[in-house]
Protein chains: 2
Amino acid sequence: MATIRDVARHAGVSISTVSLALNGTGPVSEETRARIDAAVAAVRYTPNLMAQNLKRGQSKLVGMVLGDAANPFFGRLFGTIDKQISGHEHMLIVANLASDPDRELRTLTLLKRHRVAGIIMTPLRNDPEFAAYLNEIDVPVVLVDQDVDGTALDFVTSDHHRGTEMLTEYLARLGHRRIAYVGGQRSMWVARRRLEGFRAAMAKADIPVEPEFEVVADYSADLAYDNVIRLMSAPRRPTAILAANNYMAIGALQAVTDLGFRCPDDVSIAGIDVVAWSSIVMPRITTVEQPIEDLARVASLWMMEHVRGEAVRGGPRRCHIAEPRLVIGHSCAPPPK
Amino acid sequence: MATIRDVARHAGVSISTVSLALNGTGPVSEETRARIDAAVAAVRYTPNLMAQNLKRGQSKLVGMVLGDAANPFFGRLFGTIDKQISGHEHMLIVANLASDPDRELRTLTLLKRHRVAGIIMTPLRNDPEFAAYLNEIDVPVVLVDQDVDGTALDFVTSDHHRGTEMLTEYLARLGHRRIAYVGGQRSMWVARRRLEGFRAAMAKADIPVEPEFEVVADYSADLAYDNVIRLMSAPRRPTAILAANNYMAIGALQAVTDLGFRCPDDVSIAGIDVVAWSSIVMPRITTVEQPIEDLARVASLWMMEHVRGEAVRGGPRRCHIAEPRLVIGHSCAPPPK
DNA sequence: TCTTGGTATCGAACCGTTTCGATTGGATCG
DNA sequence: CGATCCAATCGAAACGGTTCGATACCAAGA
């Protein structure tokens with residue numbers, strides 16, 4: 001592949017002149033500039049960004065770590081962030097954790113070796129060892145969706161607490177009192193926040209939480225399915241089910257349908273984050289939507305500030321907490337008498 | 001950030017010895033190796049991959065160009081490819097075209113500047129100018145899903161022709177004769193193949209194709225919605241609708257539902273590529289599934305062969321055409337009497 | 001005529017690595 | 001005991017760029 005040297009030879013000028021001309025970083029006569037442009041075209045020169053970055057001591061690469069690429073939530077998040085970042089020369093180098101927290105550290109180290117200018121990530125782990133690693137990393141990091149306790153990194157999320165609260169309030173207003181909650185692993189920050197929102201709303205509505213109605217299904221459709229089969233087969237069964245993510249909502253819907261119940265006539269179902277293009281299908285599931293575009297916009301904005309050196313690392317922590325939006329579908333109704 | 005020089009100084013050896021030791025590429029005494037390891041830990045050394053790549057004249061970066069990151073098809077494709085590629089040191093640098101063909105050339109050029117070792121892409125454009133560009137690019141390319149006429153690049157896809165054929169045969173077997181086809185832009189390779197499969201199956205079943213039943217909806221749910229509203233409002237309406245992708249299938253389902261028809265009692269709906277996690281929802285749409293994991297596996301395998309220099313560019317063209325799988329749901333039934 | 005100053009161009013050092021061709025010192029061998 | 005050989009280590013030259021401090025030239029001012 002052609003190098004700057006080839007261009008220089010072909011144009012009959014020195015290497016430095018070519019560099020000066022191409023970057024517009026020094027005075028070059030009109031005539032020389034024309035000869036250089038011609039040479040560039042003739043030898044098909046494409047500047048080597050690795051060499052440029054090495055010399056300049058900076059990088060045009062931004063790392064992005066996704067919790068689970070197969071989940072449409074992450075697809076839309078990535079798409080929007082990419083639109084903002086992949087501008088002039090910057091590009092995104094993306095890694096997928098596939099929901100496996102063990103890959104997290106290795107992935108971050110690999111990104112460091114690639115000398116990325118910054119990292120946007122949706123973390124899975126939330127433990128002191130991981131927090132310590134993040135505190136020592138010398139690359140700007142913006143966390144999205146989930147927090148890591150004990151760090152002071154920029155953080156963009158939606159109000160998960162408020163999200164389940166809104167859905168719970170809605171179900172309570174419809175008259176439900178036996179509301180089951182299908183949640184994620186308690187060790188995850190987001191799962192805890194969502195559970196707390198549920199409990200807060202239940203308390204406010206003065207409904208006692210029944211412990212057997214609070215189940216953990218690890219954000220998996222299959223586990224949610226099994227749990228809901230169990231819940232709905234018990235003599236005293238819930239009249240409404242609140243699932244803490246899209247997969248579990250669909251698993252729950254599948255379970256009640258397979259048992260011969262109709263939704264919403266026999267049982268109401270609501271879910272967090274059931275993204276638009278699946279909720280078109282019947283029955284449209286009542287959900288709270290995270291404003292993904294908004295999250296992505298703020299995350300990439302802050303990242304670019306870091307990359308351009310405008311934001312200081314170690315300054316006060318920046319948090320952006322977006323308000324989720326209640327989208328009422330056809331999956332909820334007053335409880336059967 | 002610490003460089004190899006810092007390690008050398010700290011360990012009291014020369015730079016070359018450190019390099020030799022770290023890469024295991026020369027004899028180093030046990031004792032020196034220990035001192036170097038200690039130094040690496042002490043100064044927190046992380047090798048600079050940009051510098052390594054520059055020197056070695058290779059790159060650990062593989063480019064990936066996605067047609068539309070928000071579509072779960074691409075999310076799963078990316079996730080699986082990432083799992084195969086992101087091995088030891090390789091990583092994926094991903095760009096999203098957001099269905100905009102104008103970004104395609106610019107994106108490829110940017111990847112070239114980053115000196116990626118190869119590019120896996122799902123192309124949007126399919127015209128001579130684009131083919132010419134691809135023929136001149138000096139980076140190994142593997143095409144996925146869609147072909148570009150006039151190139152001889154490695155190509156991995158599923159049998160789109162066979163896919164619509166299977167669905168059409170299935171509808172014909174159920175007794176349908178008024179089958180509407182909602183397809184994508186004819187300029188796209190995949191859209192043409194799918195349309196041909198439909199026509200072939202219709203001919204084989206000896207059903208005349210009615211031109212007004214072949215509509216174009218650009219792979220968009222909204223356009224499909226509008227078209228199906230029109231089709232189903234006409235005096236002579238189809239008894240079955242075949243949608244050529246997931247978005248359009250959902251748009252079609254939405255349209256018939258909004259008009260008060262029931263699916264499958266009043267009208268059958270089948271769609272290509274309605275991915276698993278949305279098809280759980282009721283009614284489960286009958287579909288042909290692309291074996292995404294298989295496509296991803298072959299694509300990354302071939303790419304790694306190129307990266308490792310095992311595959312020759314300019315050799316005979318390699319094609320992998322996977323068989324789609326018919327998944328029968330609850331959205332199709334014999335036509336009303 | 002001798003500075004001064006600005007414009008266009010160039011040479012060389014450097015970014016962080018790898019790698020090739022020395023150099024050194026001890027062990028082995030005839 | 002001198003010639004060989006091998007293991008361990010090092011110095012220096014790249015890789016493809018950027019950038020700083022020359023240098024050469026020419027016009028303007030004293």
Side-chain angles (χ1 to χ4, degrees), chain A residues 1-37 39-40 43-61 88-89 110-117 138-139, chain B residues 1-37 39-40 43-61 88-89 110-117 138-139:
Chain A
M1 198 166 274
T3 76
I4 200 173
R5 230 164 293 269
D6 301 320
V7 177
R9 196 174 319 127
H10 199 279
V13 295
S14 77
I15 293 177
S16 24
T17 305
V18 177
S19 175
L20 260 22
L22 259 31
N23 297 307
T25 169
V28 176
S29 75
E30 206 45 60
E31 189 236 328
T32 317
R33 192 180 300 274
R35 279 219 317 285
I36 289 178
D37 288 346
V40 164
V43 304
R44 296 249 194 82
Y45 173 63
T46 327
N48 185 329
L49 261 175
M50 294 197 305
Q52 293 186 314
N53 292 341
L54 179 60
K55 181 59 204 179
R56 292 177 173 150
Q58 44 143 287
S59 162
K60 298 290 191 185
L61 250 23
H88 199 43
E89 295 177 320
L110 202 43
L111 286 174
K112 271 186 62 175
R113 295 189 51 181
H114 277 284
R115 291 294 187 276
V116 292
D138 36 10
V139 170
Chain B
M1 198 166 277
T3 77
I4 201 174
R5 227 167 294 271
D6 301 320
V7 177
R9 195 174 318 127
H10 200 277
V13 296
S14 78
I15 292 177
S16 22
T17 305
V18 177
S19 176
L20 260 23
L22 259 31
N23 296 307
T25 170
V28 176
S29 75
E30 205 44 62
E31 188 235 328
T32 317
R33 192 179 299 275
R35 279 221 315 284
I36 290 177
D37 287 347
V40 165
V43 303
R44 294 251 194 81
Y45 173 62
T46 326
N48 185 329
L49 262 176
M50 294 197 306
Q52 292 186 315
N53 292 341
L54 178 59
K55 182 60 208 182
R56 291 177 174 150
Q58 44 142 287
S59 162
K60 297 291 191 185
L61 251 23
H88 200 43
E89 294 176 321
L110 201 44
L111 285 174
K112 272 187 61 176
R113 296 188 51 180
H114 277 283
R115 290 294 187 274
V116 291
D138 37 8
V139 171

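Side chains included, hydrogens not; waters and symmetry mates left out as well; all remaining heavy atoms used. Chain letters run A, B, ... following the sequence lines, proteins first, then strands; residues in each count from 1. Everything quoted here is computed from the prediction, not taken from an experiment.
A/Leu22 has its CG atom 13 Å from the C1' atom of D/dG16, to the nearest Å. Distance, A/Gln58 CD to D/dG17 C1': 12 Å, rounded to whole Å.
Looking at heavy-atom distances under 4.0 Å, B/Thr25 makes no contact with the nucleic acid at all.
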Q. Can you give one letter per nucleotide of nucleotides 12-18 of chain C, 5' to 3': B if a protein heavy atom sits under 4.0 Å from the base, S if only from the sugar-phosphate, - if neither?
A. --BBBBB

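Under the side chain to side chain donor-acceptor pair (under 3.5 Å) criterion, B/Thr32 pairs with B/Ser29, not counting sequence neighbours. Every residue meeting the salt bridge (charged side-chain N to carboxylate O under 4.0 Å, His left out) condition with A/Arg35, not counting sequence neighbours, appears here in chain and number order: A/Glu31. Taking B/Arg5 as the reference, nothing meets the salt bridge (charged side-chain N to carboxylate O under 4.0 Å, His left out) condition, with sequence neighbours excluded. With sequence neighbours excluded, the residues forming a salt bridge (charged side-chain N to carboxylate O under 4.0 Å, His left out) with B/Arg113 are A/Glu89, listed by chain and number. When the side-chain contact (heavy atoms from CB on, under 4.5 Å) test is applied to A/Leu61, the partners found at least two apart in sequence or on another chain are A/Ser59, A/Met91, A/Ile93, A/Val116, B/Leu61, B/Ile93, B/His114. For A/Asn23, the side-chain contact (heavy atoms from CB on, under 4.5 Å) partners at least two apart in sequence or on another chain are A/Ser19, A/Thr25, A/Gln52, A/Arg56. With sequence neighbours excluded, no residue satisfies side chain to side chain donor-acceptor pair (under 3.5 Å) with A/Lys112.
Counting only residues at least two apart or in different chains, salt bridge (charged side-chain N to carboxylate O under 4.0 Å, His left out) contacts with residues 12-24 of chain B are absent. Applying the salt bridge (charged side-chain N to carboxylate O under 4.0 Å, His left out) rule to pairs touching residues 8-23 of chain A yields A/Asp6-A/Arg9, sequence neighbours excluded.
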With 3.5 Å as the limit, what N/O pairs link the protein to nucleotides 22-26 of chain D?
none

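Summary for the helix from C/dT1-D/dA30 to C/dG30-D/dC1: the axes at its two ends, each from 5 pairs, differ by 60° when rounded to the nearest 10 degrees.
At the phosphate of D/dC10, OP1 or OP2 sits under 4.0 Å from a side-chain N or O atom of B/Ser14.
In plain terms, the two heavy atoms of B/Tyr45 and B/Thr3 that are nearest each other are CE1-C, 3.5 Å.
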